[in-house]
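Report on the structure given below.
These numbers come from the heavy atoms of this one structure, side chains and all, not from hydrogens, waters or symmetry mates.
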Amino acid sequence: MKLTAELTFYPFNEVNRPPIKATISHIQSFEGIQAQTFPTATVVFGDYDVVMDMIKDTVAWSYGEFGRSVFIVKFLPDYNAFE
């Protein structure tokens with residue numbers, strides 16, 4: 001199954017831009033997904049397992065880099081947001 005996920009990241013840092021930009025770069029480094037960034041969210045599309053593994057890895061990575069933060073994710077199964 002293919003999956004589109006829309007991710008929004010809210011770091012608990014006083015300076016938000018560097019953590020957000022680093023997290024977007026981390027997301028875009030994954031192979032097997034398409035990613036496009038908008039002012040309020042990053043949308044990713046790919047195979048269900050690849051997208052879910054990317055989300056799992058990104059949440060753990062961001063915690064290690066920036067500490068606690070909030071991720072909001074919307075899932076659209078079997079839908080390609082880029083078509």
Side-chain angles (χ1 to χ4, degrees):
M1 172 177 63
K2 299 294 184 180
L3 176 67
T4 293
E6 177 183 286
L7 292 90
T8 305
F9 172 60
Y10 297 99
F12 286 165
N13 296 349
E14 290 182 24
V15 180
N16 291 329
R17 284 187 184 252
I20 291 170
K21 287 183 177 188
T23 302
I24 291 168
S25 293
H26 184 79
I27 290 168
Q28 292 173 336
S29 73
F30 282 82
E31 292 186 23
I33 64 167
Q34 294 175 278
Q36 188 170 355
T37 300
F38 299 94
T40 59
T42 298
V43 176
V44 297
F45 172 77
D47 183 68
Y48 175 86
D49 289 330
V50 175
V51 172
M52 295 303 284
D53 287 345
M54 180 277 301
I55 292 169
K56 181 176 122 178
D57 181 87
T58 300
V59 170
W61 174 86
S62 71
Y63 179 76
E65 292 290 314
F66 310 113
R68 242 183 335 168
S69 59
V70 173
F71 278 90
I72 297 173
V73 185
K74 298 176 188 175
F75 297 103
L76 292 94
D78 200 28
Y79 177 77
N80 184 347
F82 303 121
E83 288 186 342

Tell me, yes or no, whether the heavy-atom count around Tyr63 atom OH, taken from other residues, nucleotides or ligands under 6.0 Å, exceeds 12.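 No, not enclosed.
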Within 6.0 angstrom of Phe82 CZ, more than 12 heavy atoms from elsewhere: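 Yes, CZ of Phe82 has more than 12 neighbouring heavy atoms, counting only those of other groups under 6.0 Å.
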With hydrophobic residues grouped by side-chain heavy-atom distances under 4.5 Å, do Val73 and Tyr10 end up in a single group?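 In one cluster: no.
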Cluster question for you: counting only ILVMFWY and a side-chain heavy-atom cut-off of under 4.5 Å, with indirect links fine, are Met1 and Val44 together?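 Same cluster.
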Measuring from atom [atom1] of [X] to atom [atom2] of [Y], what distance do you get when rounded to the nearest 0.5 angstrom?
| X | Y | atom1 | atom2 | result |
| --- | --- | --- | --- | --- |
| Gln28 | Gln34 | CD | CD | 12.0 Å |
| Thr58 | Leu7 | OG1 | CG | 7.5 Å |
| Thr4 | Ile33 | OG1 | CD1 | 11.0 Å |
| Met54 | Glu31 | CE | CD | 14.0 Å |

Does the side chain of [Y] come within less than 4.5 Å of [X]'s, by heavy atoms?
| X | Y | result |
| --- | --- | --- |
| Phe71 | Ile55 | no |
| Ile27 | Thr37 | no |
| Asn13 | Phe66 | yes |
| Tyr48 | Asp78 | no |
| Val51 | Phe30 | no |
| Phe9 | Thr42 | no |
| Thr40 | Thr8 | no |
| Ser62 | His26 | no |

Where is the tightest heavy-atom contact between [X] and [Y], given as atom of each residue plus distance?
| X | Y | value |
| --- | --- | --- |
| Ala81 | Val43 | CB-CG1, 4.0 Å |
| Ala5 | Phe75 | CB-CD2, 4.1 Å |
| Pro11 | Ile20 | CD-CG1, 3.9 Å |

Partner set under side chain to side chain contact (heavy atoms under 4.5 Å, CB included) for Lys2, not counting sequence neighbours: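 With neighbours one apart ignored, the set is Phe45, Asp47.
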Not counting sequence neighbours, list each pair that qualifies as a salt bridge (Lys or Arg N to Asp or Glu O under 4.0 Å) and has a residue in residues 51-64.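 Listed by first then second residue: nothing to list.
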Connecting only ILVMFWY residues whose side-chain heavy atoms lie within less than 4.5 Å of each other, what is the rest of Tyr79's hydrophobic cluster?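 Besides Tyr79, the cluster holds Leu76.
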